[in-house]
Amino acid sequence: MNTDALEEIIQSISVSQKTLYVLCGLPYAGKTHLAQSILKSTACVYVSVDSILEKLGYDWNTNNLPDEKGWEEVMNTSYQKSKQALLDSHNVLYDSTNHTRASREVLRNIAYEAGAKIQVIYIDASVPIVKKRWEENKASKKRFVLDEGLLDTTINALEIPTDDEDPWILKN
């Protein structure tokens, strides 16, 4: 990841107020790694869909994932936490794939309802890099491993943020 670009992002977040920072990119693109770097240097409220899944007893490794009602609970929890933090005038760092424009629009509406700004941060990682990291995680078990079918579905469904979304783009 470009160190200069990362420093610029951290600096911008450090001086911002009441902004929803939406991480966006494929699984294994480096979103959570980026989040950890940002959180070391800023005072963002961190909302992680993976953490919410884990707290509710779901597990990517065993493909023990929620049904439609369960996903609704997970996502609503993440949205409520984000909105409340924005209403309390905090910056929020929202960590999920947010790989479709529709998912980003939901977050855009939450920011709007809270009177906050929104900034999409797109982690641009190629499919070969993502697949390599998936293989490495599968072998090392250092991090959860998505079902390969779900990984492929997500890759095929990716809608890269467009210019009208004014994303910050980090190559990884």
Side-chain angles (χ1 to χ4, degrees), residues 1 6 9-10 13 19-88 90-100 102-111 114 116 118-125 127 129-159 170 172:
M1 201 169 291
L6 175 59
I9 286 173
I10 289 171
I13 293 172
T19 302
L20 176 56
Y21 293 95
V22 177
L23 297 178
C24 170
L26 293 172
Y28 308 102
K31 296 177 300 297
T32 301
H33 178 75
L34 173 63
Q36 292 167 350
S37 296
I38 291 170
L39 293 170
K40 286 179 187 173
S41 303
T42 68
C44 290
V45 172
Y46 183 54
V47 178
S48 165
V49 169
D50 288 341
S51 294
I52 294 167
L53 280 165
E54 187 177 316
K55 285 179 187 171
L56 293 174
Y58 298 108
D59 183 8
W60 290 110
N61 289 316
T62 60
N63 212 23
N64 174 28
L65 298 174
D67 59 14
E68 188 175 332
K69 185 177 178 187
W71 273 114
E72 188 175 317
E73 177 185 11
V74 169
M75 299 313 292
N76 284 339
T77 299
S78 74
Y79 299 151
Q80 290 167 0
K81 185 175 179 181
S82 298
K83 187 173 183 179
Q84 188 57 56
L86 292 168
L87 288 170
D88 292 341
H90 297 289
N91 287 330
V92 174
L93 185 59
Y94 190 93
D95 186 359
S96 186
T97 58
N98 300 300
H99 64 289
T100 64
S103 64
R104 297 187 297 272
E105 285 300 319
V106 170
L107 293 165
R108 193 168 277 106
N109 289 334
I110 288 167
I118 184 169
Q119 180 62 59
V120 173
I121 305 171
Y122 173 56
I123 315 304
D124 183 8
V127 171
I129 287 174
V130 165
K131 289 278 194 163
K132 180 180 179 218
R133 291 178 182 163
W134 178 81
E135 289 286 348
E136 290 169 352
N137 278 302
K138 190 174 164 185
S140 71
K141 299 187 185 334
K142 288 183 183 176
R143 188 167 176 242
F144 69 82
V145 178
L146 289 180
D147 173 80
E148 188 172 14
L150 181 55
L151 177 62
D152 289 337
T153 298
T154 306
I155 288 169
N156 292 328
L158 175 66
E159 296 173 2
L170 278 173
N172 193 8

Query - Close side-chain approach of V130 to L151, heavy-atom, < 4.5 Å - result: yes

Query raised in the report: Is any side-chain heavy atom of S78 less than 4.5 Å from a side-chain heavy atom of Y94?
Result: yes

Any residue meeting side-chain contact (heavy atoms from CB on, under 4.5 Å) with [X], in chain and number order, not counting sequence neighbours:
X    : value
A35  : L23, Y46, L93, D95
T153 : none
T100 : A102, S103, E159
K81  : V45, V47

Requested in this report: Could I get the full list of salt bridge (charged side-chain N to carboxylate O under 4.0 Å, His left out) partners for K131, not counting sequence neighbours?
Outcome: E148, D152

Report summary line: Hits for salt bridge (charged side-chain N to carboxylate O under 4.0 Å, His left out) against R133, two or more places apart or cross-chain, chain-then-number order -> none

Applying side-chain hydrogen bond (donor to acceptor under 3.5 Å, both in side chains), name anything that partners [X], two or more places apart in sequence or on another chain.
X    : answer
E105 : R108
S96  : none
Y21  : S16
Y122 : none

Query raised in the report: N98 side chain to I121 main-chain N or O, any donor-acceptor pair under 3.5 Å?
Result: no

Closest approach of [X] and [Y], non-hydrogen atoms and distance?
X    : Y    : answer
V92  : A85  : CG2-CB, 3.5 Å
T19  : N91  : N-OD1, 2.9 Å
T154 : L26  : O-CD2, 3.9 Å
V145 : W134 : CG1-NE1, 3.4 Å
C44  : L39  : O-CD2, 3.8 Å

Out of curiosity, [X] [atom1] to [Y] [atom2], how far, rounded to the nearest 0.5 Å?
X    : Y    : atom1 : atom2 : value
I118 : L86  : CD1   : CG    : 9.0 Å
I10  : L6   : CD1   : CG    : 4.0 Å
E135 : K138 : CD    : NZ    : 5.5 Å
I123 : L170 : CD1   : CG    : 5.0 Å
L87  : Q80  : CG    : CD    : 11.5 Å
N172 : K31  : CG    : NZ    : 10.0 Å

Exercise answer: donor-acceptor pairs, residues 65-73 side-chain atoms, under 3.5 Å, sequence neighbours excluded:
| from | atom 1 | to | atom 2 | distance (Å) |
| --- | --- | --- | --- | --- |
| D67 | OD1 | K69 | N | 3.2 |
| D67 | OD1 | G70 | N | 2.8 |
| W71 | NE1 | P66 | O | 3.2 |

Query raised in the report: Restricting to pairs with a member in residues 51-61, which pass side-chain hydrogen bond (donor to acceptor under 3.5 Å, both in side chains), not counting sequence neighbours?
Result: S48-S51, D50-W60, D59-T62

